[in-house]
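Heads up: the structure comes next, in structure tokens.
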There are 2 protein chains.
Amino acid sequence: MFKSRWLLFFVFQSGHKMAKKTTPRPDISTEEKIKEAARKVFTQKGYSATRTRDIATAAGINLALLNYYFRSKQKLFEIIMVEKMQNFFGILIPILDDLTTSLDSKVEHISSNYIDLILANPDLPFFILGEARNNPELIFKVAQRKDFLMNSVFMKQIREKKPELDPLQFLISLLGMCVFPFVMKPVLISMTHMAEPAFKQMMLERKILVPVWLKAILKTKPVIHSR
Amino acid sequence: MFKSRWLLFFVFQSGHKMAKKTTPRPDISTEEKIKEAARKVFTQKGYSATRTRDIATAAGINLALLNYYFRSKQKLFEIIMVEKMQNFFGILIPILDDLTTSLDSKVEHISSNYIDLILANPDLPFFILGEARNNPELIFKVAQRKDFLMNSVFMKQIREKKPELDPLQFLISLLGMCVFPFVMKPVLISMTHMAEPAFKQMMLERKILVPVWLKAILKTKPVIHSR
DNA sequence: AAAATATTTAATCATTTGATTAAACAGAAG
DNA sequence: CTTCTGTTTAATCAAATGATTAAATATTTT
């Protein structure tokens with residue numbers, strides 16, 4: 001058993017599960033139970049506050065199975081992290097690079113889709129933004145090329161409509177409008193009487209507000225920056 | 001020695017340093033060296049990723065001195081956290097509640113002061129927003145009352161100027177415009193060719209853009225939300 | 001059914017980590 | 001100088017934590 005695990009490891013060091021050499025068809029669920037628990041615990045508490053025992057308990061499995069299926073906490077984490085980055089950026093990329101839609105339409109889509117996405121996964125943005133600080137190379141891996149963003153259709157459309165404006169300023173503002181309220185939620189709840197339902201209602205209203213406000217921003221008179 | 005420490009602990013359990021009973025006047029610097037190192041390490045890595053040994057090394061002191069002066073990692077953390085929250089919110093509160101300034105002027109002040117503050121302490125916002133998730137009660141302690149924010153002069157001025165708008169939507173947008181770029185910085189740097197100097201330049205330009213844009217937002221036509 | 005292979009478990013390891021202790025050291029008080 | 005008190009150090013502790021192992025159980029293959 002010891003031998004077979006390591007042999008396989010050297011053959012496929014795919015970072016993937018290393019069991020199931022020939023045909024065996026187990027539950028399929030154990031591995032998925034661990035991943036599901038890992039999604040929950042990692043996104044909630046972040047990498048370094050997460051204990052492998054938390055994941056094992058949440059998954060209802062023996063601790064050793066985590067290492068059996070995923071080799072290490074780090075390897076399991078990377079799988080979840082990549083998955084979550086795809087959730088987070090995957091929704092953005094296609095909209096930004098759509099040749100068939102107007103700038104206004106893109107703003108509407110991003111606002112609406114992003115807010116819905118995060119309402120359904122409230123810990124997602126903070127998790128991504130936090131772990132991006134420790135694993136910048138992982139972010140880079142998901143964003144294929146460093147010039148995709150600046151060369152996207154969206155950015156071109158902004159340059160066309162408002163040439164004096166750094167289009168990155170606009171994109172950051174748009175994302176901030178959608179994402180920041182979630183990042184700030186705990187502070188907000190501690191400092192006001194707002195609770196979960198009111199927060200959700202506010203975010204639903206924001207889906208309408210953000211496009212209106214960003215259109216207004218695009219109509220402002222040029223601001224010239226001194227150098 | 002053992003005895004005197006504990007006696008003092010029960011007399012002043014102020015969470016403060018417990019040495020220096022009679023007169024001795026040491027370096028004064030050891031305690032401060034630890035705090036300074038703790039500021040750096042905690043804000044950079046967060047509570048759970050921080051090792052007391054990291055702090056001791058950064059401070060150039062023996063590990064035991066950390067516990068000698070501050071009892072525990074947790075106690076030291078709370079001191080730093082409160083300090084940092086005062087940095088972060090202390091600049092905001094007086095502006096928000098200033099009876100003598102206009103709404104536009106408040107927006108300008110917040111934009112300018114906040115961006116300058118965070119440029120000088122780039123890890124501050126993420127630290128605060130992150131630890132707020134684990135210690136909501138600490139946030140509440142610094143924000144004196146839960147109704148301060150919603151009753152502030154700033155909020156009244158927004159209600160007056162744009163009665164149909166939830167003033168919280170506006171405040172969150174303003175803060176997001178200033179703070180979110182810093183929260184997002186690592187992602188930004190991984191996904192574009194932007195480096196530190198360009199980021200700083202962008203934030204300086206933002207000090208001008210944010211007030212212009214937020215004034216434009218205040219001039220938009222009312223949006224009525226269906227219920 | 002027997003053999004081979006895969007999965008699961010309980011026990012255990014080695015390291016890390018927050019914290020403590022006892023002794024050495026330093027400076028002020030008597 | 002000696003004593004007292006506060007500071008610093010090196011060694012050590014106990015608990016937590018990521019990981020491994022060997023044995024057990026289950027499943028597939030022959």
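Proteins come first, then strands; the chains are lettered A, B, ... in the order of their sequence lines, and each starts at number 1.
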Exercise. Taking the side chain of R51(A) as its heavy atoms from C-beta onward, which of dT20(D), dG18(D), dG18(C) lies nearest to it?
Worked result: dG18(D)

Problem set entry | Candidates I110(B), V179(B), I158(B) - the one meeting side-chain contact (heavy atoms from CB on, under 4.5 Å) with L174(B) | I110(B)

Problem set entry | Side-chain-base donor-acceptor pair under 3.5 Å for R53(A) and dG18(D) | yes

Exercise. Think T52(A) has a side-chain N or O under 4.0 angstrom from the OP1 or OP2 of dG18(D)?
Worked result: yes

Seminar exercise, completed: Residues passing the side chain to side chain donor-acceptor pair (under 3.5 Å) test with K45(A), sequence neighbours excluded, are D54(A)

Problem set entry | Single hit among K73(A), E131(A), Q74(A) for side-chain hydrogen bond (donor to acceptor under 3.5 Å, both in side chains) with Y47(A) | Q74(A)

Exercise. Nearest heavy-atom pair of V82(A) and L138(A): which atoms, and what distance?
Worked result: CG2-CD2, 4.3 Å

For this session: Would you mind classifying the nucleic acid contact of L66(A) as base, sugar-phosphate or nothing, using non-hydrogen atoms under 4.0 angstrom?
Result: nothing

Seminar exercise, completed: the helix from dA1(C)-dT30(D) to dG30(C)-dC1(D): angle between terminal helix axes, five bp per end, to the nearest 10 degrees, reads 10°

Exercise. Taking only side-chain nitrogens and oxygens of Y69(B), does any of them come within less than 4.0 Å of OP1 or OP2 of dT8(D)?
Worked result: yes

Exercise. What class does the angle between the rings of F77(B) and F127(B) fall in, given that below 30° is parallel, 30 to 60° is tilted and above 60° is perpendicular?
Worked result: perpendicular

Exercise. OP1 or OP2 of dT8(C) less than 4.0 angstrom from a side-chain nitrogen or oxygen of T30(A), does that happen here?
Worked result: yes

For this session: When you get a sec, tell me which of dA10(D), dA6(C), dT9(C) is the closest nucleotide to the side chain of N62(A)?
Result: dT9(C)

For this session: Report yes if some heavy atom in the side chain of F154(B) is under 4.5 Å from a heavy atom in the side chain of F170(B); otherwise report no.
Result: yes

